[in-house]
Amino acid sequence: MLLNFHSKLQLKKVLFLHGFTASGSCNMARALRDALVGEAEVFTPDLPLHPDAALLLIRTLCRELHPDLLVGNSCGAFYAQMISAELNIPALLGNPFFMMSSFLKPRVGENKYKSARKDGVQEFLIDNQLIEEFERVEKVQFHKASNAIVWGLFGEQDTLAKFEPLFLEHYKTAFHFPGNHTPTPEETKAFYAPLVRKMLNSLQ
């Protein structure tokens with residue numbers, strides 16, 4: 001029992017940040033937790049809709065949990081690279097959506113989350129205020145990029161976010177997988193989890 005307890009204490013901590021229409025219970029979050037059982041604790045919070053509130057929550061969780069690695073997908077990757085630079089926490093960005101305002105503009109109005117949230121809220125509103133908030137954050141997102149340890153993972157079939165060229169203007173390490181914008185659970189285990197292990201091992 002003592003050995004098992006000690007081993008649990010030594011687990012690395014990963015903070016997973018989901019995409020804009022997802023939640024902490026999305027398929028990708030569950031798959032990453034399953035893939036890293038016994039290797040890392042994976043925390044998967046529901047992120048607020050608005051960027052300032054989302055970044056505030058992530059900062060708070062980082063100070064409470066002291067994660068060894070951030071893993072973000074899409075909008076979550078947009079957040080992860082900023083927090084990585086700010087708090088000196090390495091990050092893996094999956095299909096990062098660096099210009100969220102361009103994603104939101106065609107989708108003004110009522111929308112629905114694609115996975116269940118803990119607060120039970122499944123609908124959200126995209127309006128001009130939300131778009132303007134993202135535009136403001138986008139303008140400063142790379143200001144501290146040179147301070148960050150950031151890797152990128154890009155789906156070769158991703159037709160939604162095509163930001164690898166912009167990523168490579170600021171970061172050097174990019175990988176690819178034969179999938180779409182949102183990886184399946186199988187792709188998460190086959191392509192994301194090995195890179196998470198590689199990044200965590202590089203920290204030792």
Side-chain angles (χ1 to χ4, degrees), residues 11-48 51 54-98 100 114-115 117 141 144-145 147-155 158 160-161 163-164 167 170-177 179-204:
L11 291 179
K12 296 290 187 179
K13 294 180 180 179
V14 174
L15 180 59
F16 173 75
L17 308 176
H18 61 75
F20 184 75
T21 60
S23 72
S25 67
C26 66
N27 290 335
M28 185 180 178
R30 294 201 300 269
L32 194 62
R33 283 200 304 267
D34 291 345
L36 297 174
V37 167
E39 300 176 71
E41 289 184 272
V42 181
F43 299 88
T44 62
D46 289 351
L47 298 178
L55 289 166
L56 178 60
L57 174 62
I58 297 166
R59 291 186 187 103
T60 300
L61 290 173
C62 286
R63 293 188 178 104
E64 292 175 353
L65 300 172
H66 303 287
D68 299 285
L69 181 68
L70 304 175
V71 179
N73 187 63
S74 190
C75 182
F78 167 70
Y79 294 140
Q81 57 106 11
M82 286 183 280
I83 297 297
S84 174
E86 180 182 327
L87 300 182
N88 194 31
I89 304 171
L92 174 62
L93 312 186
N95 291 324
F97 214 118
F98 293 133
M100 281 300 301
K114 295 180 180 179
S115 54
R117 294 174 66 89
Q141 65 176 305
K144 298 181 180 180
N147 299 335
I149 299 174
V150 169
W151 293 5
L153 180 57
F154 297 87
D158 184 0
L160 186 61
F163 292 104
E164 186 175 4
F167 173 91
H170 301 277
Y171 309 111
K172 297 179 180 179
T173 308
F175 301 88
H176 301 89
F177 72 99
N180 294 305
H181 183 67
T182 302
T184 65
E186 293 75 20
E187 290 168 342
T188 300
K189 294 177 180 179
F191 300 102
Y192 280 75
L195 283 181
V196 169
R197 294 187 186 101
K198 188 172 182 178
M199 290 194 81
L200 289 174
N201 289 335
S202 71
L203 302 175
Q204 295 178 351

Discussion item. Please determine whether side chain to side chain donor-acceptor pair (under 3.5 Å) holds for the pair H170 and Q81, giving the CA-CA distance in whole Å, both sets of side-chain angles, and the decisive distance to 0.1 Å.
Written reply: CA-CA 11 Å; H170 301 277; Q81 57 106 11; over 6 Å; no

Practice prompt. Mind running side-chain contact (heavy atoms from CB on, under 4.5 Å) on L17 and L15 for me, showing each step along the way?
Written response: CA-CA 7 Å; L17 308 176; L15 180 59; 4.0 Å; yes

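Few gaps surround CG on N147; more than 12 heavy atoms of other groups in view lie less than 6.0 Å from it. Around NZ of K114, the count of heavy atoms belonging to other residues, nucleotides or ligands within 6.0 Å does not exceed 12.
Aromatic ring centroids of Y192 and F177 lie under 6.0 Å apart. Taking the centre of each ring, F163 and F167 stay at or above the 6.0 Å mark.
The backbone N or O of L11 lies less than 3.5 Å from no partner atom in the side chain of E41, so there is not a single donor-acceptor pair. The closest donor-acceptor contact from the side chain of S115 to the backbone of S25 lies at 3.5 Å or more, if one exists at all. Distance alone, capped at 3.5 Å, is enough to place a donor-acceptor pair between the S84 side chain and the I89 backbone. A distance-only check finds a donor-acceptor pair linking the side chain of H18 to the backbone of L47 [under 3.5 Å]. Looking at D158, its side chain does come within 3.5 Å of a backbone N or O of L160 through a donor-acceptor pair.
The aromatic rings of F175 and W151 lie tilted to each other, with the angle between the two planes from 30° to 60°.
Between E64 and L61, the closest side-chain pair of non-hydrogen atoms falls below 4.5 Å. The shortest distance between side-chain heavy atoms of R197 and P194 falls below 4.5 Å. Between R63 and L87 the shortest side-chain heavy-atom distance falls below 4.5 Å.
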